[in-house]
Every structure is written in C-alpha cells, then in structure tokens.
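One structure is given here, and the rest of the page talks about it.
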Amino acid sequence: MKNKRRWFDRAVYLVVNDAQPYRVPEPQWHPLAILRDLVNADKHRRVLVTNFATLDLKIDTDPVLEVAHWETNLGTELEVDTVVAAGRFTLPVLAIPRVNFRPEITYSEAIEIPKTGGQVRNLTDVMADLHVKVRDVLDDLETAGVDN
C-alpha cells in the first residue's frame, strides 16, 4: 500500500490531515463526517428519505393550568383549519374568570444524522455547518497553495 502522504505537498497534507473528523471527540457530529455519510447513503441506496418536518407546539397559560388531556395530529397535511393538537385543561377556582392562552407553533425541516442512533437536527443548521466547514477547508487548501 502506498503512503498517500507523498501525493501532496506538506502544507496540503497538513490541511487535509487537520480536517479529518476523527480528530474531534464526537466524530459522528463533525460536518465533514455528516456530509460523507449522507453522500454514501444516497449513492448506495435506491431511494433514501433523509429529511422530514417537525412541528413543535407550546402553549403557555396565565394562570398556569394543569393539562388534563393532550393529543397531537402530527403527520397531517397542513392546510387552512387543520387541527394540529387538541387538549383539555383543568381550570382552578379563579377569583377572576379569565385565562390567557399564548400558543406558539414552530415548523422546521429536520434531517436524521447518520451514525448517531437516529438523532435529528434542523436541516438549515446542518447545511450551514457543512457549508462553513467545506469553505474553511477550501480556504485552507488555497492558502496551502492548491489552485482551483
């Protein structure tokens, strides 16, 4: 087996070597490892669904109410008048019969990160991390003398 170190100038070798995911404590979360794993998964399978949507629902009340029952309808197509969640609250005896509800619904695209046991991250954040890391490595390679 040839020593690939001789294929590169020393400066280029150092950039490539320093960028390796195994150099960090949790290499499966390194942006270049994620990129490699996603590329490998896509090219070795017929169809691979790698992203999905997540919906988070948060309701604050004033005064704070106890939740008696809660159910979500995640996975339903979002359109006008879609019920995404339903719940019942236990009302306390109030001196003033008024309750303020502040619902907060967030929607985001998420992606399952390979080799992390099914953990997911926001797709936009993952893509930004991949972009930054690849840009940094390319900048370092240019500094080391590699032409485009």
Side-chain angles (χ1 to χ4, degrees), residues 1-90 99-148:
M1 181 174 183
K2 291 182 181 180
N3 184 341
K4 294 177 185 172
R5 184 183 300 195
R6 291 187 212 137
W7 293 4
F8 306 104
D9 292 334
R10 175 102 176 118
V12 172
Y13 170 79
L14 291 174
V15 169
V16 172
N17 193 47
D18 289 346
Q20 297 303 307
Y22 69 83
R23 297 200 170 278
V24 298
E26 294 184 287
Q28 71 274 19
W29 291 105
H30 189 285
L32 295 179
I34 292 171
L35 180 59
R36 176 203 59 220
D37 294 339
L38 290 172
V39 167
N40 285 340
D42 279 342
K43 71 181 177 187
H44 293 295
R45 295 184 186 172
R46 287 180 289 143
V47 176
L48 174 68
V49 177
T50 58
N51 70 323
F52 54 91
T54 61
L55 181 70
D56 295 318
L57 178 65
K58 176 183 174 185
I59 297 178
D60 289 328
T61 61
D62 182 24
V64 175
L65 301 178
E66 179 183 338
V67 177
H69 174 76
W70 187 258
E71 66 182 59
T72 59
N73 299 317
L74 299 180
T76 57
E77 187 172 333
L78 295 179
E79 56 187 50
V80 176
D81 295 327
T82 298
V83 176
V84 294
R88 288 195 307 266
F89 299 91
T90 302
V99 175
N100 295 315
F101 286 90
R102 289 179 297 281
E104 184 179 311
I105 299 175
T106 58
Y107 170 85
S108 65
E109 294 289 328
I111 188 165
E112 184 175 327
I113 305 300
K115 300 183 181 178
T116 63
Q119 294 187 44
V120 297
R121 283 190 56 211
N122 178 283
L123 180 61
T124 305
D125 294 342
V126 170
M127 296 309 295
D129 290 349
L130 297 179
H131 173 82
V132 167
K133 190 60 178 177
V134 169
R135 183 199 63 213
D136 290 349
V137 171
L138 291 175
D139 289 347
D140 291 346
L141 287 170
E142 185 176 35
T143 301
V146 175
D147 296 326
N148 292 336

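Residues: numbered from 1 along the sequence shown.
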Determine whether [X] and [Y] make a side-chain contact, defined as any pair of heavy atoms from C-beta on separated by less than 4.5 Å.
X    : Y    : result
V12  : L141 : yes
W29  : Q119 : yes
M127 : I111 : no
V132 : P31  : no
H30  : K133 : yes
I34  : K115 : no

What do the steps show when you test V16 against V137 for side-chain contact (heavy atoms from CB on, under 4.5 Å), and what is the final call? CA-CA 8 Å; V16 172; V137 171; over 6 Å; no
Ignoring hydrogens, what is the shortest heavy-atom contact between [X] and [Y]? Give both atom names and the distance.
X    : Y    : value
Q28  : I113 : O-CG2, 4.0 Å
E112 : V120 : CA-CG1, 3.8 Å
A33  : P27  : CB-O, 3.1 Å

Spacing of Q20 atom CD and L32 atom CG [to the nearest 0.5 Å]: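 Going from the CD atom of Q20 to the CG atom of L32 covers 8.0 Å.
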Measure the spacing between CG of D129 and OG1 of T124 and express it to the nearest 0.5 Å.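 Output value for this atom pair is 11.0 Å.
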Do the side-chain N and O atoms of E71 and H69 include a donor-acceptor pair separated by under 3.5 angstrom?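 A donor-acceptor contact under 3.5 Å links the two side chains.
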Report yes or no: does R135 contribute a side-chain atom to a donor-acceptor pair with the main-chain N or O of L130 at less than 3.5 Å?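 Flag not set: sc R135 to bb L130 has no pair under 3.5 Å.
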With a 3.5 Å distance limit and no angle check, can you tell me whether D9 reaches the backbone of A11 through a side-chain donor-acceptor pair?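 Checked: no pair found.
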